[in-house]
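What follows is a set of notes on a single structure, which appears directly below.
Please read all numbers here as calculations on a predicted model, not as lab measurements. Order of the sequence lines fixes the chain letters, A, B, ..., with proteins taken first and strands second; residue numbering starts at 1 for each chain.
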Number of protein chains: 2
Amino acid sequence: MLNQVDLITIAVDAMGGDYGVESAIPGVALLNKKNPEIHFMIFGDENHIYPLLNRYKNLKKVSQVVHTDKMVSSDEKPSVALRASKGTSMRMAIEAVKNGDACAIVSSGNTGALMAMAKIILKTVSGIHRPAIASVFPTLKNDTIMLDLGANVLVDAENLVQFAVLGAVFAKAHNDIAVPSVGLLNVGSEETKGPEHVRGAASILSNVDFPGRYYGFVEGDDIMKGVVDVVVSDGYAGNIALKAAEGVSNFTQYYFKKAFRSDPFAVLGGLLAFFAFRRCNKRLDPRAYNGGVFLGLNGLCIKSHGGSDAFAFSNALRLAVELTKHGYVNQIADDISHLMNQESFL
Amino acid sequence: MLNQVDLITIAVDAMGGDYGVESAIPGVALLNKKNPEIHFMIFGDENHIYPLLNRYKNLKKVSQVVHTDKMVSSDEKPSVALRASKGTSMRMAIEAVKNGDACAIVSSGNTGALMAMAKIILKTVSGIHRPAIASVFPTLKNDTIMLDLGANVLVDAENLVQFAVLGAVFAKAHNDIAVPSVGLLNVGSEETKGPEHVRGAASILSNVDFPGRYYGFVEGDDIMKGVVDVVVSDGYAGNIALKAAEGVSNFTQYYFKKAFRSDPFAVLGGLLAFFAFRRCNKRLDPRAYNGGVFLGLNGLCIKSHGGSDAFAFSNALRLAVELTKHGYVNQIADDISHLMNQESFL
């Protein structure tokens, strides 16, 4: 069910990532084409923003540019960036969410700095101990939500249970399903397998009422099989799994491309198969799944990949709109409070 | 440097895996073609073994068949399998290593049962606290050895340092390099990142003399980039990374195959590119990298994939021969004792 929101405004840090405004403004414009009802606050250097924004008349009508020439550098340590963050486009965009001027903030900038600032400025939803990073992945079945992808190396069973709630509500909004299935990432499917915090979370999830259906343990290869709608993990295993998966994907593509350039028959074959490949690539295109969502904060914060182009950036914006339309943050506050009041959780 | 070994004998459990003798005997025959000097003890039902073995005259000359009609079932719980293991082909093959009749044992059977039996019968090398499972992976550069892939969920810093030794000596034998680089799998490259046991191992490895060169932390995507010769991890993150990688590989192949069947141009394109693909597939063929090696025991034990065909099985045998020729077990005993005697380790 949708929360009826009269006006959705997204705060955009236009200065982050490898391409800054060059990908951010055309990215916002792409979203504007599909969702003309969404408003934007665009933070950054107006001297760079306006020349691009002027190309999109419809977008300009729903956008407010907030000028600053200060920005967070992509290679700054989070602690250093945080101290010098006042007046940067990233911080001002987060503050717009804090002040209620925007519902969500999207940035392609420095991940560590964005997480540090979002945590300090937005703070966690009452009852949530730690925010988590979630992302959507294509699978052989439906899309799967996976979290935590690296915000929390050390977690306890209770944290994992909260991640299960964060992920289940995300899956409801994204996959439009009433009761998403939730699996705990582990090294085997038997009850006795795995580290204590994972077994502890399994025992709680089997007994509480939460917005998903507890499936059991899932293994690394179950993620892309689409065995469950939500895969929950600590940030240590989750981050390593995510990056190992990226590595294999790059490795495979390298060898396939090499094969297609290796002899004249292969080159011709590749040309003939071009359209079929393009179709298949849509499903394999990481840009379509761009956006690490920081969940559990009072306001949505979405990290777009540093190398995002306009298409990738627009997909991170789409996640922000999707979750805002479903009233994600309020829903989480309700569901966590419901969880914490259950005897079996205490 | 090779240890001169007059006679290398490999113990083969011929009854394991989906195909039993059907893949084991032709697999042994494949190795025999390349390494006619290797001897074999083949454990299993002679009524099934001889009809196949009789086809390979040269192999028969260097093989001794040890009959038993008892075998470990593939879906038995390790504890149950262990109790009923007496006289099974798997146990007898491991005992042949224990008794000094063979240098290594290879089986496609029940992984948990094989690990349980190997640990109890062969025991760990003096000074090694826990055995680990290692495997060889193709990368964009050279092959990389990765361990632990799931034998130990919980480890401490000292265990990881021992895994570094186990992996470095493996890489020396397999990649034929004098001083392999060793990385610790983690969620970031900064010193302050990651769980305590990983940071603890980093601090020890930076200060001890061991058979490799400590590189630092590596992330999940560095595995397939071939950043280091050896990737060391606990069995929790290692197993999840391995299986997540398998999942992506299956997912990608599914969509590529689908693309090539989707329209007549693509089918023709696929035919034209066939030979190029076959070349590229050699590098992507998991059968070429078959074999999970149990390291740290008094004797080598190699788990061949349950779905191994003859080619895959022969590659697991090749690993056994490779490590045996390099005197792996004795080398580990020396290197671990050297490690334990260093002040910086204590």
Side-chain angles (χ1 to χ4, degrees), chain A residues 77 138-140 150 153-154 185-188 193-196 198 219-225 233 235-256 258-263 265-277 279-281 283-284, chain B residues 138-140 150 153-154 185-188 190 193-196 198 219-225 233 235-256 258-263 265-277 279-281 283-284:
Chain A
K77 272 194 180 177
T139 78
L140 293 179
V153 166
L154 278 184
L185 190 60
N186 203 349
V187 296
K193 287 252 180 171
E196 203 186 330
V198 180
E219 298 191 57
D221 52 336
D222 293 327
I223 303 170
M224 302 296 270
K225 279 187 200 158
S233 161
Y236 172 58
N239 181 277
I240 286 174
L242 169 74
K243 292 198 172 153
E246 273 178 22
V248 173
S249 179
N250 294 338
F251 174 81
T252 314
Q253 283 184 27
Y254 171 85
Y255 276 99
F256 270 107
K258 201 172 153 184
F260 270 111
R261 292 196 195 107
S262 61
D263 69 44
F265 291 107
V267 171
L268 182 59
L271 286 174
L272 285 170
F274 177 75
F275 291 101
F277 259 118
R279 265 198 310 278
C280 132
N281 258 328
R283 190 85 180 131
L284 300 177
Chain B
T139 78
L140 293 177
V153 166
L154 279 183
L185 190 61
N186 202 348
V187 295
E190 304 86 351
K193 288 254 180 169
E196 203 186 331
V198 179
E219 298 190 57
D221 52 336
D222 293 328
I223 304 169
M224 301 296 270
K225 280 187 198 155
S233 162
Y236 172 57
N239 180 277
I240 286 174
L242 168 73
K243 292 199 173 153
E246 273 177 20
V248 173
S249 181
N250 294 339
F251 174 80
T252 313
Q253 284 184 26
Y254 171 84
Y255 275 99
F256 270 106
K258 200 172 156 184
F260 271 113
R261 291 194 195 112
S262 60
D263 70 42
F265 290 106
V267 171
L268 182 59
L271 287 174
L272 284 169
F274 177 75
F275 291 101
F277 260 117
R279 266 199 307 281
C280 133
N281 258 329
R283 189 83 180 133
L284 301 177

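Taking both residues in full, the closest heavy atoms of Ala244(B) and Ile223(A) are given as CB-CD1, 4.5 Å, listed atom of the first, atom of the second, then distance. Contact between Ile240(B) and Ala237(A) at its shortest, heavy atoms only, is CD1-CB, 3.8 Å. Summarising the geometry of Tyr254(B) relative to Leu140(A), their closest heavy-atom pair is CD2-CD2, 3.4 Å, with the distance given to 0.1 Å.
Interface summary for chain B: among Pro195(A), Ala245(A), Pro138(A), the most heavy-atom pairs under 4.5 angstrom belong to Pro195(A). No other option in Asn239(B), Asn250(B), Leu242(B) has as many heavy-atom pairs under 4.5 Å with chain A as Asn239(B). The greatest number of non-hydrogen atom pairs below 4.5 Å with chain B, out of Lys77(A), Lys225(A), Met224(A), Lys193(A), is found for Met224(A). Between chain B and the residues Val187(A), Leu185(A), Asn186(A), Thr139(A), the most heavy-atom pairs under 4.5 angstrom are made by Val187(A). Most heavy-atom pairs under 4.5 Å with chain B: of the set Gly220(A), Gly150(A), Ala241(A), Gly235(A), this distinction falls to Gly220(A).
Proximity to chain B involves both the backbone and the side chain of Tyr236(A), based on heavy atoms less than 4.5 angstrom apart. Using a 4.5 Å cut-off between heavy atoms, Val248(A) touches chain B through backbone and side chain atoms alike.
In this structure, Glu196(A) places its CD atom where only 12 or fewer heavy-atom neighbours from other residues, nucleotides or ligands lie under 6.0 Å away.
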